[in-house]
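Quick notes on the structure that follows.
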Amino acid sequence: MDWDIKPSGVQGVVNKTITAAGGFQTAGKSLQTELPEAAKHAGTVTEGGSTAGEGGGMGPIAGALGELMASHATRIAYISARTEASLNGAIKATTAYVHGNIEQAQNAQNEALKEPKIDLPGAGQK
């Protein structure tokens, strides 16, 4: 395989990606704080239709918000892990290329292409 990398171009893409990834991080943190708060105020369910206030059963909207959070938490964690692996791979491969070590550059690229492992506490538990 022939390599033709322009380090300044890689650096520009890496910097833009880091900026964009910051938006995902902000969105993820917002989901972690705002959705539980919204669910807390979404009402409860009790027999007879009365509200139970705090300590009552979780209502359908709160349940749906919980499912939404669980779904997005996994996706956001995957995007974060994939982005981190890609950035690290690009930086390591470019550095190795600049130093003339094509085999090390190839290894860095291969590592970056592996599927990230997502381990969220409590994921898969109901």
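- Note on Ile18 and Val10: same hydrophobic cluster, where clusters join Ile, Leu, Val, Met, Phe, Trp and Tyr whose side-chain heavy atoms are under 4.5 Å apart, directly or indirectly.
- Between the side chains of Asn110 and Gln106, at least one donor N or O lies within less than 3.5 Å of an accepting N or O.
- The shortest heavy-atom contact between Tyr78 and Pro116 is CE1-CG, 3.6 Å.
- The minimum heavy-atom distance linking Ala90 with Val14 is given by the pair CB-CG2, 4.3 Å.
- Across all their heavy atoms, Leu31 and Pro36 have their closest contact at O-CD, 3.4 Å.
- Judged purely by atom type and a 3.5 angstrom limit, Ser30 has no side-chain atom pairing as donor or acceptor with the backbone of Thr26.
- Counting all heavy atoms, side chain and backbone alike, Ala108 lies closest to Ala93 at CB-N, 3.6 Å.
- Salt bridge status for Glu111 with Lys92: absent, with no side-chain N to carboxylate O gap under 4.0 Å.
- Taking Gln104 as the reference, Asn101 meet the side chain to side chain donor-acceptor pair (under 3.5 Å) condition, with sequence neighbours excluded.
- Annotation: side chain of Gln109 is in contact with side chain of Leu113 (closest heavy-atom distance under 4.5 Å).
- For the atom pair CD1 (Ile79) and OG (Ser86), the distance works out to 11.5 Å, reported to the nearest 0.5 Å.
- Summarising the local packing, CD of Glu115 is surrounded by more than 12 heavy atoms from other residues, nucleotides or ligands at distances under 6.0 Å.
- The structure places CG of Leu35 at 5.5 Å from CG of Leu65, a figure rounded to the nearest 0.5 Å.
- For the atom pair CG (Asn107) and CD1 (Ile102), the distance works out to 11.5 Å, reported to the nearest 0.5 Å.
- With sequence neighbours excluded, the residues forming a side chain to side chain contact (heavy atoms under 4.5 Å, CB included) with Thr95 are Ile91, His99, listed by chain and number.
- Counted within 6.0 Å of CD1 on Ile61, heavy atoms from surrounding residues, nucleotides or ligands total 12 or fewer; the atom is thus considered open.
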Query - Worked check of side-chain contact (heavy atoms from CB on, under 4.5 Å) between Gln11 and Asn15 - result: CA-CA 6 Å; Gln11 183 178 8; Asn15 289 340; 3.7 Å; yes

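- Considering all non-hydrogen atoms of both residues, Ala42 and Ala62 come closest at CB-N, 3.9 Å.
- Transitive grouping of hydrophobic side chains (ILVMFWY, heavy atoms separated by less than 4.5 Å) keeps Phe24 and Ile76 in distinct clusters.
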